Structures are given as C-alpha cells and as structure tokens.
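One structure is given below, encoded as structure tokens.
Please read these numbers as outputs of a predicted model, since none were measured by experiment. Here is the naming used below: chain letters follow the sequence lines, and residue numbers restart at 1 for every chain.
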Amino acid sequence: MSTPYLDPKTHLSDLFGQALAQIAPGSACAIELERPKQATHGDWACNLAMQLAKGLKRNPREVAAELIAVLPNSDLIDRIEIAGPGFINVFIKPIAKQRLAGHILKLGAEYGRTGLGRNEKVQVEFVSANPTGPLHVGHGRGAAFGASLANVLAFAGYDVQREYYVNDAGRQMDILALSTWLRYLELCAEFVPFPDNAYQGGYVKLMAEGIFALHGERYKRPAAELLAGAPDRGEAPEEHLDHLIACAKQLLGDDYAYIHNYALTEQLGDCRNDLTEFGVHFDNWFSEKSLHEAGLIDRAVERLQQNGHIYQQDGALWFRSTEFGDEKDRVVRRENGAWTYFAADIAYHLNKFERGFARVIDVWGADHHGYIPRVKGALKAGGADPDRLIVALVQFAVLYRNGQKASMSTRAGEYVTLRELRAEVGNDAARFFYVLRKSEQHLDFDLDLAKSQSSDNPVYYIQYAHARIASVLNGWGGAVADLMEADPARLEHPSELALLGRLAEFPQICDAAARELAPHLIAYYLKDLAADLHGYYVSCQFLVEDEALKLARLALIAATRQVLASGLALLGVSAPDKM
RNA sequence: CUGCCCGUAGCUCAAUUGGAUAGAGCACCAGCCUUCUAAGCUGGGGGUUACAGGUUCGAUCCCUGUCGGGCAGGCCA
C-alpha cells in the first residue's frame, strides 16, 4: 500500500511530517499536498511553510528552505524548489512515473482503490419513489446519482448497502388502488365519474384490464353505493376522494387488499424492471408497511415520548421539533389516530441506525430540503447521532429538445418517463449526462446532444478512446499480461508523460469523489483522460518496429484502457471494444 | 414575509473545498488523414468569478449586505 511509486502522496506526506517534527515540534499543522495545475510547479506542491510562517513569525520562504534541509532522502524525489510566496514544489523522478503503467496492469481493476472507507458500513438510500406510476426523468437523476455514488463508495472501501424505501402504505397507494378499481368497474359497466385527482395514466387502465381478465366481475360493486353521500367532486375534491377510498374499503372488505396489492406489485415490478434495465440495482427494498405491521412506529414514538419530546394538542400527537432547529412542531399522529408519513420516517431512520450503519446517506429531491431539520431532530430526540445522517440533495433535471424545454408538467401523462428517455438517448448517455453535473446544481439535459453520435457527445468521446485502444491491442494480437514487463524507461514523449501523470491522479479522484459524494468528478476525470489518450494516439504510433518501444507503448495504452473501463464502470456506462 | 440552494467566457458547466497565470466542451476563425478507428488532433480570440465591503501571506471558495434566479414553508408524500 505504501509503495512510494504507487502512492507518492502518502509517501511525501510522511517525509514532510518528519521534517515538520524537527522544525516545529508538537505542531498540529496538517500536511497538505496538492497536484499543481502547471507542470513548471512540479508534480506535488506543499504549503506547509506558509502555514507555519504565521505562528513562527518568519518569512515563509525561509521556513521552506529549512524544511527542505531536514527533509529525509527519498529515491522518489528528483529535485525540490521553493516558489511563489513559499510553496515547496516537489519534482518526481521520471522513472517513478514511468513505472506506473506496469503497476496498473498488475493491479487491474483494483487500481484506484484507496481503502478510504476502512470497510465501514454505509447505506445509500435512493430513488424511493412512490410506486404509483412510472418513474420519470426526475427519478432518473436520483437513480443515476445514487447508483454511481454507491459504486464510488464501494470502490473506496466502504461496505455499501443500496436501499429503496417503498412507500407501500398511506394515502397515495390508496388513491392508486381506488383508481385501478374505478377503471375496473368501468369494464364491469359500473360507471363512477373518474376524479381529476385520481391517477389518470394509461397504466391504471391496463392494471384494471389485468384484474378483469383474471377474475371477471368478482370485484364488481354497485356504483350507486359508492357515490351515496359523497362530498361534491368539484367543491371538495380531496374529501370526495377520501370518501371513495373509505367506501371502496368497506364495499370490498378483504378484497380491497387484493386490489391494493395487485396495483402495488405491478407498479413496483415495473419500477424494478425499469431500474434494472438502467443498470441500477438495490440490495434491499424496505417496506413502509412493514414498519406499521411490526409496531416499529409505536416504538419509535414511544422512545421520543420517554425522552420528553412528544406532546398532545388538538387531539393529535406532536413532536417538538422546534427544539432541534425546525421552524415548527410536527404532527406524528393525526386526530383520526393515523400515523403521519413523518412518523413512519422517524421509525425508518431510527431503524437504519439500529441496523448498524456507521453512516446513512439519503438521496432526496431538492424540493424536500425543508424536511431535513425535522428528521435530524427526530434522530437526536431518539438518541441517535444526527451527523451520521447525510442528506444529498439532487436538483431537478430539465429536458431540452431542439433548444426548447420539454414539457415537464406533473399532470398525468404529460411528463417524460425514464423509460422514454432511455429509449431515446440510450442507457449509457442517460447515465453519463445525469452525473455530469454536481448533484446540487440544476441540470439542463440536452436530448439532442445526448443522442448525437458525434464528438460533441462526451459519452462517445470517452467510449471512443476505449474502443481505439481495444482496436490497437487487437491488431497487435499479443497477451496484455506480457506487457507488465515492458521497459518503462522507453516512455519519454511529452504526450506519454502527460498520460502517465493523468493515470496517477485516478486514485485521488476516486478518493475525492467518495469523500465529497461527488461522482461527477469521475466523469470529468474520464473526459480529461480520454483527451490525453486521443492526443497520444495522434502524436505517436504504437505498433512500431522497435519491439521494446512498442511493448512500452502498448503497456501504457493497456493501462489507460483499464482506468477508462474502471471509471466508466463506476458510472454504470459500458466500455465498448468497437464503435 | 421567512428559511435553504444557486449566480464563473456568447451558451452549458469545472476548478483538487483557502493556493500560484480561473479551466473544458459547444459556438466562431485557421490548419492536420496514403500510416494502429477523423466519433480524433493542433493553434487562435473570448473573464472586474452578479455587485459592494470584510477576514489574511493569498478569496470563485469563508463572513455581512444588496440585486437576480430556483425550491420549500400541510394533521400531503
């Protein structure tokens, strides 16, 4: 792990630590090493002297000189310079950089792992959309971000669990069940005016037809009984809907559960298929209903109550979330005795930590940001550490077609589904474009660009680099394993050194992506890496007469192919050998 | 009205979380295929990082204020 060639940063950090101990014993100064933007500033830069100068009341350049004087020798270092206000620039010996290609080939897909996570248990919960209809393009971004983030964390050495919270209890599911049943009644020639606020989508009719095909008129009930005493549909639409739901439960009795379950199973199955096709997989589908059935909500609220954070008012139970920085207190049990969604969420989040996760990451749509204080407050009130819950907010994605916003109305049937997007631009482009932006940044998704099979399209740009390498190696026809022993000293061309330098960054990029929950860093890195490869491809011939030079160059591009493949895999994008 | 996020090249966005001369792509201009995939490469112009202060060796980044955009503020989820 601490081989200087593989991990120069740790090695140098160690050296500077020793120097620091001599110059300023007991100093708590952090050793920071950065890769400078400019080549003339060396391979690594350390700002230690400038940090120390303040406390020592000395000129930072003088401090730098002293640090260098006591810095232990290393066969990794070529030379050291003091520059600018007091930077210490370290130049690495060329041979140390040249050896990287062989090291990458030996490590294969393991290259880039840093062990940052120390096998810590982390949960990433994402998507968690209500199973009341097809996933739309907004869910797609959460799916792509969450999946890539989970991959990045796993690669960085965390023990990651991917979880989907299934909202299979509650009013929205009741509305879906009712919608399905009303469509079913239409097939039985029992007509109840279909409410505007019920689910309008064509998939509801399909489910109704499915039930009808299986069971005929078994679930038929008289429409008149459903409508009797119902509040006016126009004046009180929500009350009207609730009335219909209550009637459905009463008229159907035990059969209601069948309709409810049928709709849930269908929609969840559809959602799961959609995500699977998208390359998004979950280790656990956590049922909200199971919280109710196992009595976990009662237990969670009791726990808060024992800690003195629950009070009764207006017939409802309230959580005193204002005590934890929330704007107002929140109801956990309604006047009618039903638990709120929030109550279930308290139980759910307390349960997460009972399952032993050191950290829990929730990926939410940015419109839920106001929800964070109350959930964190509830965790604290329940005796858990709220800092171990990290909420990653994902902003909306806006689709553009022909330079114009594509319709994103939430009215049924008008929104673009994830499935439609995938069909239009392909899974690779969709996965890549979704994570090309910082998650908290609004995303303009250019459909025409994502579809274009040209150099404008960054996905193809990167995949093309991979395919080019595969093509060369295929033309060579030898075994990649033999390239590990190639003579690294033959790699001297500027474009080769640039490529080697880029490859050396990969572990750090992965590290940063994991620490900052920022898979977009991988995407940007891959663009840079592909650019270096294309530059190399144009300026140097690989299959040359000189056998040693040929093998050295093939080793370098084989190593590049490995890193391209590793990076694309983290993003869930394929790495084709031919294009 | 209150809270959170955002404001960087004409457009879409980065910037190693406080580092050195703020970088890419698109668009525009000028070039490179008899050679391993031109879905590629090279060069050029383009900026008071919304604005005004502050913190320090050093600010796109941290603090305050102003302007502009987005999102929230249910006994909905």
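- Aromatic pair A/His493/A/Tyr536: centroids not less than 6.0 angstrom apart.
- Side-chain proximity of A/Met50 to the nucleotides B/G19, B/A20, B/G74 is greatest for B/G19.
- Residue A/Phe87 has its side chain nearest to B/A20 when only B/A20, B/C13, B/G70 are considered.
- At B/C41, one or more side-chain N or O atoms of A/Tyr461 fall inside 4.0 Å of OP1 or OP2 (strictly under the cut-off).
- At a threshold of 4.0 angstrom between heavy atoms, the contacts of A/Ala465 with the nucleic acid are absent.
- A/Leu521 comes within 4.0 angstrom of the backbone, heavy atoms only, and of no base.
- Considering only side-chain atoms of A/Val538, the nucleotide from B/C41, B/A39, B/A20 that sits closest is B/C41.
- If you check B/A77, B/G3, B/G19 against the side chain of A/Glu327, the one that comes closest is B/G3.
- The side chain of A/His520 contributes no N or O atom lying less than 4.0 Å from OP1 or OP2 of B/U16.
- Across all strands shown, A/Ala53 has no heavy atoms under 4.0 Å from either base or sugar-phosphate atoms.
- Ring pair A/His139/A/His136: centre-to-centre distance below 6.0 Å.
- One donor-acceptor pair, N or O on each side, does fall under 3.5 Å between the base of B/A20 and the side chain of A/Asn89.
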Can you check salt bridge (Lys or Arg N to Asp or Glu O under 4.0 Å) on A/Asp345 and A/Arg374, steps first, answer last?
CA-CA 10 Å; A/Asp345 235 5; A/Arg374 78 189 75 163; over 6 Å; no
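- Nucleic acid contact for A/Lys527: none, since no nucleic acid atom lies under 4.0 Å from a heavy atom of the residue.
- Proximity of A/Gln51 to the phosphate of B/C57: no side-chain N or O atom is located under 4.0 Å from OP1 or OP2.
- Closest to the side chain of A/Tyr341, from the set B/G40, B/G73, B/A77, is B/A77.
- For A/Arg334, whose side chain is taken as the heavy atoms from C-beta onward, the closest listed nucleotide among B/C36, B/G40, B/A77 is B/A77.
- Residue ring and nucleobase are not stacked for A/Tyr537 and B/G40 under a centre distance beneath 5.5 angstrom and an angle between planes beneath 30°.
- If you check every strand for non-hydrogen atoms under 4.0 Å, A/Cys46 touches nothing.
- Among the atoms of the strands shown, only primed sugar atoms or phosphate atoms (P, OP1, OP2) are found under 4.0 Å from some heavy atom of A/Lys438.
- A/Asp577 comes within contact range of at least one nucleobase, with a heavy-atom separation under 4.0 Å.
- A centroid separation of less than 6.0 Å is found between the aromatic rings of A/Phe506 and A/Tyr525.
- Contact annotation: A/Lys37 side-chain N/O to B/U21 OP1/OP2 distance is not under 4.0 Å.
- Closest to the side chain of A/Arg437, from the set B/U16, B/U12, B/A77, is B/U12.
- Among the protein residues, A/Asp528 comes within range of no part of the nucleic acid, since none of its heavy atoms lies under 4.0 Å from any strand.
- When both pairing distances are held under 3.5 Å, B/C26 makes a Watson-Crick or G-U pair with B/G10.
- No engagement by A/Ala512 is indicated, since no non-hydrogen atom pair under 4.0 Å with the nucleic acid exists.
- Out of B/G40, B/A20, B/U37, the shortest distance to the side chain of A/Val472 is found at B/U37.
- Here B/G73 sits opposite B/C1 as a Watson-Crick or G-U wobble pair (both hydrogen-bonding atom distances under 3.5 Å).
- For a distance-only test at 3.5 Å, the side chain of A/Glu516 qualifies as a donor-acceptor partner of the base of B/U17.
- Residue A/Pro85 is in base contact, counting any heavy-atom pair closer than 4.0 Å across all strands shown.
- One finds a side-chain N or O of A/Arg468 lying less than 4.0 angstrom from the OP1 or OP2 phosphate oxygen of B/A38.
- Contact annotation: the side chain of A/Cys271 approaches that of A/Tyr164 to within less than 4.5 Å [non-hydrogen atoms, C-beta and beyond].
- Nearest nucleotide to the A/His41 side chain, out of B/A20, B/A14, B/C36: B/A20.
- Judged by distance alone with a 3.5 Å cut-off, a donor-acceptor contact links the side chain of A/His369 to the base of B/G3.
- At the heavy-atom level, A/Phe342 lies nowhere under 4.0 Å from the strands shown.
- Side chain of A/Phe396, nearest nucleotide from B/G19, B/C75, B/C71: B/C71.
- Base contact: A/Asn47 has a heavy atom under 4.0 Å from a base atom.
- As judged by a 4.0 angstrom heavy-atom cut-off over every strand, A/Gln508 is placed among residues making no nucleic acid contact.
- When both distances must be under 3.5 Å, the Watson-Crick or G-U wobble mate of B/G40 is B/C32.
- Here A/Trp318 lies in heavy-atom contact (under 4.0 Å) with a base.
- Nucleotide B/G19 has B/C57 as its partner under the Watson-Crick or G-U criteria, with both atom distances under 3.5 Å.
- Applying the 90° cutoff around 0 to the glycosidic angle, B/U8 is assigned anti.
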